[in-house]
**Q** 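Below are the structure tokens for one structure; questions will follow.
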Amino acid sequence: MLLFLSVALLITTMGLLADADPRQRRRRHAEALSTTATRLRRALALASALSALALAATALEVGYGAVFWLCGLSLAGVAAAVVHGLWIGGSRPR
Amino acid sequence: MSRSVRQSLNLMHTWGGLIAGGLIFFVFFTGSLVVFEQTIDRWMMPETRVDTSSKDVGFEGVFQSLQREHTLGSGSVFLYPPSPRQPLYAAHFHDADGTDRHVFIKRDGSPVADTESFGASEFFFPLHYSLHFGAFGMATLGYWIIGLAGMVVLAMVVSGVIVHRRLLRDLFSFRMERSRGRTLLDAHNVSGVMSLPFVIFMAFTGVAIFVYTYMPVNVLASYPDSETFFHDVLPHVDREPAGTPADRVSLDAIVERARAVWDGGEVMVLGVHHAGDANAYVAAYKDTPRQIGYDYERLDFDATNGELLHHQRLGPAMQAYQFLTGLHIVVADSWALRWLYFLMGIAGCVVIATGFLVWLDKRIAQSGQAGYRLAQAVGSASTLGLVLATLGMLAANRLIPTAWDDRAYLEVGVFFGLWLASLAFGWAQPGARGLYRQLVAVALGAAALPVLNAVTTGDALPLTIARGQWAIAGMDLTLLATALCAAVAARSMRATLVRQHAHYHAVEA
């Protein structure tokens with residue numbers, strides 16, 4: 001259960017970072033975020049990532065928790081990039 | 001950084017990746033399979049899909065069963081207890097005639113019929129770290145080749161990071177709406193950057209595991225030979241048989257003593273040496289499911305009276321080494337962590353495969369040249385061909401009757417035969433058409449395997465899910481997911497073919 005929660009937080013982390021990424025916003029023709037909104041998203045992403053690490057370290061042994069967190073963060077990043085790519089790329093003609 | 005250095009590194013990244021890419025893909029792919037070696041074993045060895053609720057006769061009952069069923073040699077017998085991933089006992093020993101034997105025993109002590117398959121643990125695992133060169137007495141050469149692949153991975157990572165100027169700015173850039181070349185390069189960059197930490201620690205720890213093979217001089221400067229060195233850093237009892245028979249205490253009593261010494265720790269392996277001899281001893285290795293460090297605190301007991309002879313304590317250097325080993329081979333009893341290792345390994349495969357495609361796409365104008373054709377044939381064989389060979393081996397495992405002589409070797413023959421056939425096919429049918437056909441073959445093969453499993457064993461996917469046989473169900477579901485991914489990739493490749501066709505006709509007109 002703790003690990004599932006940790007995975008959810010890792011996905012949230014990368015989702016927030018991708019959403020705050022100025023290049024991704026430009027690609028969507030969406031309005032640029034204000035500096036405060038960008039910083040808020042990044043701060044929330046940091047808090048989410050730290051919570052995910054704490055949960056993973058509780059569910060597994062500390063070392064394995066850290067490995068789980070690192071790999072999970074990487075995979076969540078790939079997922080965020082692919083979802084963004086499909087979302088934006090799918091709505092534009094090639 | 002000067003422009004020329006970046007260009008030089010770009011050159012190294014491109015050509016190093018092209019030359020060693022196939023080997024690196026191979027290491028990542030087989031490593032990903034090895035993460036689930038025991039799960040694949042259950043799929044490939046239906047005889048070992050047993051009921052886990054039967055009475056457990058313990059190590060002593062299993063050892064007596066082995067003595068009844070086999071003519072044990074005078075050497076050592078290693079017993080592996082049931083675990084969440086292996087529902088029955090396993091034993092490794094040499095017969096009286098010297099034959100190396102791996103057998104399974106049910107919890108109630110009854111023997112399991114010979115599986116007649118190497119499974120993943122005896123085929124893909126040694127293939128991953130030694131390329132099976134050990135079978136020809138050249139294991140060290142295999143370690144060196146794999147170690148070289150690890151070093152090339154590290155060099156590719158460093159050069160890739162330097163070559164890619166906008167690493168952080170492009171972190172989430174996966175531009176599906178742009179050209180095929182741009183999309184492929186984005187996929188290469190995203191999967192490469194995101195899997196960077198995993199790839200670095202896996203490549204480094206992979207090389208570190210065989211540090212003695214790669215750098216023996218440090219050891220041999222202080223020790224007369226490697227045996228003395230290993231005895232010093234891993235102290236343990238190692239005594240010769242006395243030649244006089246003696247009674248032995250129950251193995252279960254020894255296991256109880258080991259648990260008490262480890263403060264509740266469980267046995268991972270029990271080694272019974274010279275059973276029945278006055279100098280017999282038993283080595284117990286502790287299971288370490290919740291720590292990275294592979295510190296199994298070996299305990300040696302006198303088998304004749306159960307007295308503890310030696311408690312192995314690792315020094316700091318050995319602890320560091322075992323930590324690196326544990327990090328690489330993920331001994332943790334966590335399905336979630338295993339899946340992450342598996343998926344990150346597959347992400348590493350995606351990096352290599354997309355790198356190949358980027359290289360080929362950039363040089364499409366040279367597609368008529370023999371060098372290009374060779375690169376494409378090797379690239380497709382070392383990526384799609386390896387996947388096809390694996391699927392073919394699994395199909396052979398389900399189709400070749402267990403009664404056939406040397407069935408395990410026939411499975412291996414199918415693996416290497418298909419792999420070679422894929423190389424020949426890649427040469428004979430270059431271009432997107434060849435890749436498309438291989439992708440279709442992967443999709444069809446992967447989709448057919450769960451059906452083959454259901455027909456030959458009766459363990460259909462809905463049944464295994466209903467019974468909670470997650471090893472079998474998980475394997476079938478992963479195969480179906482593979483089929484789906486290959487079908488999606490084939491569809492994309494078909495679109496490329498249609499575009500190429502339209503372009504060709506436009507030029508002709």
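The figures here come from the full heavy-atom set of this structure, side chains too, leaving out hydrogens, waters and symmetry mates. Chain identifiers are assigned alphabetically (A, B, ...) following the order of the sequence lines, protein sequences preceding nucleic acid strands; residue numbering begins at 1 within each chain.
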**Q** Looking only at heavy atoms, what is the nearest atom pair of A:V67 and B:F201, with distance?
**A** CG1-CZ, 3.9 Å
**Q** Taking side chain as everything from C-beta outward and backbone as N, CA, C, O, which of these in A:A59 sits under 4.5 Å from a heavy atom of chain B? Side chain, backbone, both or neither.
**A** backbone
**Q** Mark yes when over 12 heavy atoms from residues, nucleotides or ligands other than B:F342 sit less than 6.0 Å from its CZ; otherwise mark no.
**A** yes
**Q** Non-hydrogen atoms of chain A under 4.5 Å away: do they reach the side chain of B:L196, the backbone, both or neither?
**A** neither
**Q** Which heavy atom of B:F174 sits nearest a heavy atom of A:V82, and at what distance?
**A** CD2-CA, 3.8 Å
**Q** Search all heavy atoms of A:C71 against all heavy atoms of B:F198 and return the closest pair with its distance.
**A** SG-CD1, 3.6 Å
**Q** Enter the distance from B:R175:CZ to A:H84:NE2 here, rounded to the nearest 0.5 Å.
**A** 14.0 Å
**Q** I need the minimum non-hydrogen distance between A:L3 and B:A336, along with the two atoms involved.
**A** CD1-CB, 3.7 Å
**Q** How about B:R494: does its CZ atom have over 12 heavy atoms from other parts shown lying under 6.0 Å from it?
**A** no
**Q** Do you know which of A:Y64, A:F68, A:F4 has the most heavy-atom pairs under 4.5 Å to chain B?
**A** A:Y64
**Q** What's the shortest heavy-atom distance between A:L75 and B:M344, and which atoms?
**A** CG-SD, 3.5 Å
**Q** Go through the atoms of A:L60 and report whether side chain, backbone, both or neither lie under 4.5 Å from a heavy atom of chain B.
**A** both
**Q** For A:G63 and B:I292, which heavy atoms make the closest approach, and how far apart are they?
**A** C-CD1, 3.3 Å
**Q** What's the spacing between A:E61 CD and B:T288 OG1 if we round to 0.5 Å?
**A** 10.0 Å
